Amino acid sequence: MEASQSEDSSPPASSKQRNNVKCLKLHEIIEMVNDERPAADRAIEEIVLFPPEDGDRTDEESGDETETNMNHLPGRILRSTVEVNVTTTSISEAEEVPAVRSSLGQQSSSEEVSRTDEQESTQRQWSVASSHVSIDETMVPYYGRHSAKQHIHGKPLRFGYKLWSAATRNGYLITFVPYQGAKAAALPNQEKMGLGAAVVLELESRLPPDFKSYNLYFDNFFTSLHLLSALSERRTGGTGTSSENRLKKCPLMKSSALKKEKRGAMSFKADKNIIIVKWHDNNVVTVASNCHGITPIQKVDRVAAKGGKRLKIQVDSPSMIQKYNKYMGGVDRFDENVDNLRVGIGGKKWWFPLFAFGIDAAC
C-alpha cells in the first residue's frame, strides 16, 4: 500500500501533486498512528483513502462506503493511495496527548469492554442460573440389576439410580454427582467430613462462576458445623436443617421445653461465622446457617384449633427459616418437571436411563 504525507489538511487536487509528497509503507502508517508519543508540534488529523485508479468502478458507483470495514478491506482498496494529513499544532509539554489507536488489525480497548459488558448483560438476561442453589437427591428410575441401584422407601420413585443434584429455585438442574454405592471411590473430603458434607463441597466446586458467591440450601442429611465452616472458608453461604446430635452440645433450649412455649417461640446461639436457631412451629425445627440471621422477624400464616374450630393465626418466623423455605425446593421442582416430560422410550441397557435423564434434564 502506498501512502503520502502532507503538511496540508486538504487532499491534493491531482495525481501530479500527490506524487510530489513522500510515500509511506503500510507498516509506517500503522507505526505513525499507533505512536503513543507523537511529536510536540505535529498531530494526525485524518487518513484519506483515494479511489483506486485502475479503471474499475469508483467509490461512488460501488455503494460500499457505509459498509467498509478496516479489518476486511478489498485488494483494490489496499492497492490504492493513502494520504496521512498532518497538522502543525503547538502543544505544551504539560498537556497530555491521548494515544491514537489504529483500527487496522486490532480493536480498541473501549470496544472490547463494551462488547464484553453487552455479552454479560445478554447472558444474565437469558440465563437460568441463580446465586441461590438447593441440594438434594434425585432418583432416576431403573428396575434392572446393577450394583449402584438404590431403594429409598417413601419416595415416588423407590428404585433406581440416586444422584446428588444442585438446582435453582425454579427447578433448573445445574450439576449432579451420581451415587455409586458404599464400595465406590470416596469423594474428596469424605473420609474427613463424611458423605453429606463431601457431596455439598463437590457440588459447590462444580457450580459455574457466573456469580462470585453462592448460597446453598440442604436438609439435615448434609448439614454439619464442619460443613458450614468449610463453606465459609470458600466464601459460600450455607443454610440447612440439622439434627440435634450434630450441634456439638450447643447450649440451646431443650426441645421439650420449647414445645411448651407459644407457637413462634425460638432459641438461638451464634458465633462470628455460624448461627443456630430452634423454632417452635408445629414441631421444633433446628436450622443452622453461615449467611442468614434471625432478623427481620416476620409474621407467617398458620392454622390452629381453638374452641373446636380451625382458625388462621400469625406466628413469628425468623429470616433464615423464610429463606430456607423459599429456596430449598428447587430439586423437588426439577423432579416434578422431569416427571411430566420424561422420555417414553425404554431400553434394556443399564446406562439407558441415565442417557434419557440427560435429555430430560436438558429439556
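For reference, positions follow the sequence shown, starting with 1. None of the values given here were measured: they were computed from a predicted structure.
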Shortest non-hydrogen separation from [X] to [Y] and the atoms involved:
| X | Y | value |
| --- | --- | --- |
| Leu231 | Gly238 | CD1-CA, 3.9 Å |
| Val315 | Ile313 | CG1-CD1, 4.0 Å |
| Leu228 | Ala288 | CD1-CB, 3.6 Å |
| Lys278 | Ser255 | NZ-OG, 3.3 Å |
| Glu137 | Lys162 | OE1-CD, 3.5 Å |
| Asn337 | Asn170 | ND2-O, 4.0 Å |

May I ask you to decide if [Y]'s main-chain N or O and [X]'s side chain share a donor-acceptor pair within less than 3.5 Å?
| X | Y | value |
| --- | --- | --- |
| Asp335 | Thr138 | no |
| Asp271 | Ile274 | yes |
| Lys149 | Phe159 | no |
| Thr223 | Ser242 | no |
| Arg246 | Asn220 | yes |
| His292 | Thr239 | no |
| Arg234 | Leu201 | yes |
| Ser224 | Leu227 | yes |
| Arg206 | Ile174 | no |

With the side chain counted from C-beta on, respond yes when [X] and [Y] share a heavy-atom pair under 4.5 Å apart, and no when they do not.
| X | Y | result |
| --- | --- | --- |
| Ile294 | Ser319 | no |
| His226 | Lys248 | yes |
| Val199 | Val177 | no |
| Met266 | Ile297 | yes |
| Leu216 | Leu207 | yes |
| Met328 | Ser134 | yes |
| Phe218 | Val200 | yes |

**OP:** Report the relative orientation of the aromatic rings in His146 and Tyr142; use parallel for angles under 30°, tilted for 30 to 60°, perpendicular for over 60°.
**Re:** perpendicular
Original post:
What orientation do Phe355 and Trp351 show, parallel under 30°, tilted 30 to 60°, or perpendicular over 60°?
Top reply: perpendicular
With clusters defined by side-chain heavy atoms of hydrophobic residues (ILVMFWY) lying less than 4.5 Å apart, directly or transitively, does [Y] cluster with [X]?
| X | Y | value |
| --- | --- | --- |
| Val331 | Leu173 | no |
| Tyr214 | Leu203 | yes |
| Leu258 | Trp279 | no |
| Tyr161 | Phe334 | yes |
| Phe357 | Trp350 | yes |

**OP:** Taking atom types as modelled, find out whether Ser232 and Asn290 have a side-chain donor-acceptor pair closer than 3.5 angstrom.
**Re:** yes
Original post:
Arg235 and Ser213: side chain to side chain contact (heavy atoms under 4.5 Å, CB included), yes or no, with the steps?
Top reply: CA-CA 6 Å; Arg235 298 182 180 275; Ser213 61; 5.5 Å; no
Rounded at 0.5 Å granularity, tell me how far [atom1] in [X] sits from [atom2] in [Y].
| X | Y | atom1 | atom2 | result |
| --- | --- | --- | --- | --- |
| Leu187 | Tyr179 | CG | OH | 10.0 Å |
| Ser289 | Met320 | OG | CE | 4.5 Å |
| Gln190 | Lys192 | CD | NZ | 14.0 Å |
| Gln150 | Gln180 | CD | CD | 11.0 Å |
| Arg169 | Arg333 | CZ | CZ | 8.0 Å |
| Ile276 | Glu244 | CD1 | CD | 11.0 Å |

Subject >> Check against side chain to side chain contact (heavy atoms under 4.5 Å, CB included), Arg263 and Asn282 >> reply: CA-CA 8 Å; Arg263 199 168 176 181; Asn282 286 333; 2.4 Å; yes
[X] atom [atom1], neighbour heavy-atom count above 12 within 6.0 Å:
| X | atom1 | result |
| --- | --- | --- |
| His132 | NE2 | yes |
| Phe268 | CZ | no |
| Arg342 | CZ | yes |

Subject >> Test log, rule side chain to side chain contact (heavy atoms under 4.5 Å, CB included), inputs Lys312 and Asp301 >> reply: CA-CA 7 Å; Lys312 286 186 177 182; Asp301 295 331; 5.6 Å; no
**OP:** Could you go through the side chain to side chain contact (heavy atoms under 4.5 Å, CB included) check for Ser229 and Asn273 one step at a time?
**Re:** CA-CA 7 Å; Ser229 298; Asn273 293 325; over 6 Å; no
**OP:** Would you check, one step at a time, whether the test ring-ring contact (aromatic ring centres under 6.0 Å, His included) holds for Trp164 with Phe222?
**Re:** CA-CA 11 Å; Trp164 309 114; Phe222 306 94; 5.7 Å; yes
